[in-house]
Amino acid sequence: MDTLFFIASKLIWGLIGPESWLFIGLTLAALGLLLGRRRLAGWSLGLTLGFALSVAILPVGDMAMRPLEERYPIPDLPPEVTGIIVLGGAEDGIWTVQGPQVRFNEAAERFTEGLRLAKLYPGAKLLFSGGIGAIGNIEAIRVPPEQTTAGVFFLEQGIPPAQMVIESASRNTAENARLSYEMMQPQPGETWILVTSAFHMERSIRTFRAAGWTELLPWPVDFRARPFRWGVGWNFAYNLRQLNVAAKEYVGLLAYSLTGR
């Protein structure tokens with residue numbers, strides 16, 4: 001079931017994501033012209049153009065992102081911590097195993113904040129959970145811990161191997177939660193900090209709790225929504241990227257809720 005859900009989620013998102021709407025709209029307009037269906041072509045082209053202009057001049061991405069990021073504020077540091085969970089998504093593991101440098105994307109704060117917390121709580125376990133989430137990974141690929149981006153980065157930054165736990169088989173948030181729980185078997189009364197992007201925290205908390213984690217402290221990082229300002233501008237690429245990330249998270253929340261994840 002996990003593999004079926006993984007494949008279905010990737011394929012369905014490829015069809016319904018906002019970035020796909022432009023392609024679908026232009027395709028329908030072209031078909032309308034080829035088939036002599038001028039009304040179809042006109043409506044498709046008009047809606048596509050309207051959507052593109054709205055994304056280009058209005059902060060629709062930030063407006064969609066902000067409610068997700070405001071759900072969990074950054075908490076105060078607890079006196080004691082059992083473990084720190086850092087979710088994957090910020091690494092480019094394909095490049096890490098091909099060269100001497102680790103490579104991150106715009107979610108790199110997951111790693112840097114996880115590192116900071118691990119040094120503040122040297123007695124706490126540092127659990128990194130994340131594998132290869134690409135559609136080509138039909139069966140979860142287990143990468144040796146020392147070859148993962150997390151393994152290379154945290155070791156280079158002075159985290160002792162005895163403090164680290166690397167879970168490198170998960171392909172999505174549901175598998176992050178389940179496989180991490182199976183590895184660590186958290187006990188009542190323990191305090192675990194969950195580090196992930198602010199927009200991803202709501203789905204992560206729900207999913208980890210559904211998997212059995214009870215004592216979790218949300219630790220959001222990677223805030224992306226800019227402060228709202230009245231007025232318009234032209235920033236199509238940025239707004240579309242923000243909208244795409246936010247829409248994917250809302251769809252993920254709905255899908256995970258419907259499937260009990």
Side-chain angles (χ1 to χ4, degrees), residues 9-30 41-75 86-92 103-114 116 130 133-135 172-173 176 194-207 218-258 261:
S9 65
K10 297 295 183 181
L11 294 177
I12 293 173
W13 174 248
L15 294 175
I16 67 174
E19 62 186 1
S20 299
W21 300 349
L22 296 172
F23 175 78
I24 293 172
L26 291 175
T27 300
L28 290 174
W43 275 103
S44 300
L45 191 58
L47 289 174
T48 302
L49 181 59
F51 170 71
L53 287 174
S54 297
V55 171
I57 64 177
L58 298 174
V60 291
D62 287 334
M63 293 170 65
M65 186 85 73
R66 189 168 294 105
L68 294 169
E69 295 190 335
E70 292 178 345
R71 178 67 177 85
Y72 292 97
I74 300 175
V86 177
L87 297 191
E91 69 281 8
D92 190 338
R103 304 189 186 190
F104 299 125
N105 56 36
E106 58 189 339
E109 288 176 32
R110 300 189 189 189
F111 278 88
T112 57
E113 189 65 6
R116 186 180 76 90
I135 188 64
N172 53 34
T173 308
N176 289 151
L194 181 62
V195 180
T196 190
S197 299
F199 64 84
H200 184 238
M201 185 60 75
E202 176 68 17
R203 179 155 57 109
S204 299
I205 286 292
R206 291 187 188 182
T207 305
W219 201 272
V221 298
D222 182 29
F223 290 84
R224 302 190 188 185
R226 297 183 298 187
F228 180 76
R229 293 179 297 180
W230 292 104
V232 297
W234 187 272
N235 204 338
F236 178 77
Y238 170 83
N239 290 338
L240 181 60
R241 183 171 67 251
Q242 290 284 87
L243 180 61
N244 202 56
V245 171
K248 185 176 182 180
E249 205 54 41
Y250 285 116
V251 171
L253 280 167
L254 177 61
Y256 274 48
S257 178
L258 293 176
R261 286 173 167 80

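Note that these values count all heavy atoms, side chains included, but never hydrogens, waters or copies made by symmetry.
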Inset, instruction - Kindly compute the distance separating CG (Asn244) from CE (Met65), expressed to the nearest 0.5 Å. - result: 9.5 Å

Inset, instruction - Please name all residues satisfying ring pair (Phe, Tyr, Trp, His ring centres under 6.0 Å) with Phe199, sequence neighbours left out, ordered by chain then number. - result: none

Inset, instruction - Side-chain contact test, heavy atoms from C-beta onward, threshold under 4.5 Å: evaluate it for Asn235 versus Ile57 and give yes or no. - result: no

Inset, instruction - Can you establish whether the number of heavy atoms outside Phe236 located under 6.0 Å from its atom CZ is more than 12? - result: yes

Legend entry - Gap separating the OG1 atom of Thr27 from the CG atom of Leu22, nearest 0.5 angstrom: 10.5 Å

Legend entry - Residue pair Met201 / Arg71, side-chain heavy-atom distance below 4.5 Å: no

Inset, instruction - Return yes if some donor-acceptor pair links the side-chain N/O of Arg110 with the main-chain N/O of Gly88 below 3.5 Å, else return no. - result: yes

Legend entry - Distance, nearest 0.5 Å, that separates CZ of Arg203 from OG of Ser197: 11.0 Å

Inset, instruction - Please identify each residue that fulfils ring pair (Phe, Tyr, Trp, His ring centres under 6.0 Å) with Phe51, with sequence neighbours left out. - result: Trp21

Legend entry - Non-hydrogen atoms of Thr48 and Leu26 that approach each other most closely: OG1-N, 4.0 Å

Inset, instruction - Of all the heavy-atom pairs spanning Asn105 and Glu91, show the shortest one and how long it is. - result: ND2-N, 4.2 Å

Inset, instruction - Output every pair passing ring pair (Phe, Tyr, Trp, His ring centres under 6.0 Å) with a member in residues 53-73, not counting sequence neighbours, ordered by first then second residue. - result: none

Legend entry - Pairwise distance CD1(Ile24) to CD(Glu19) - rounded to 0.5 angstrom: 10.5 Å

Inset, instruction - May I ask you to test the Val251-Lys248 pair for a side-chain heavy-atom distance under 4.5 Å? - result: no

Inset, instruction - Specify the closest pair of heavy atoms between Ala246 and Leu68, including all atoms of both residues, with the distance to one decimal. - result: O-CD1, 4.1 Å

Legend entry - Contacts of type salt bridge (Lys or Arg N to Asp or Glu O under 4.0 Å), residue Glu113, not counting sequence neighbours: Arg116

Legend entry - Least distance between heavy atoms, Asn239 atom then Ala56 atom: ND2-O, 3.6 Å

Legend entry - Arg206 and Leu253, any side-chain heavy atoms less than 4.5 Å apart: yes

Inset, instruction - Find out whether Leu194 and Leu87 are in side-chain contact, i.e. whether some heavy atom of one side chain is under 4.5 Å from a heavy atom of the other. - result: yes

Inset, instruction - Compare every heavy atom of Ser44 with every heavy atom of Ala29, then report the nearest pair and how far apart it is. - result: N-CB, 3.6 Å

Legend entry - Salt-bridge criterion met for Arg224 and Glu69 (N-O under 4.0 Å): no

Inset, instruction - Scan for salt bridge (charged side-chain N to carboxylate O under 4.0 Å, His left out) pairs involving residues 48-58, sequence neighbours excluded, and state none if there are none. - result: none

Legend entry - Pairs flagged by salt bridge (charged side-chain N to carboxylate O under 4.0 Å, His left out) wherever residues 47-62 is involved - sequence neighbours left out: Asp62-Arg226

Inset, instruction - Kindly give the heavy-atom pair with the smallest separation between Ala107 and Ala90, and that separation in Å. - result: O-CB, 3.1 Å

Inset, instruction - Quick one: pull up CG in Leu243 and CG in Leu58 and give me the separation to the nearest 0.5 Å. - result: 11.0 Å

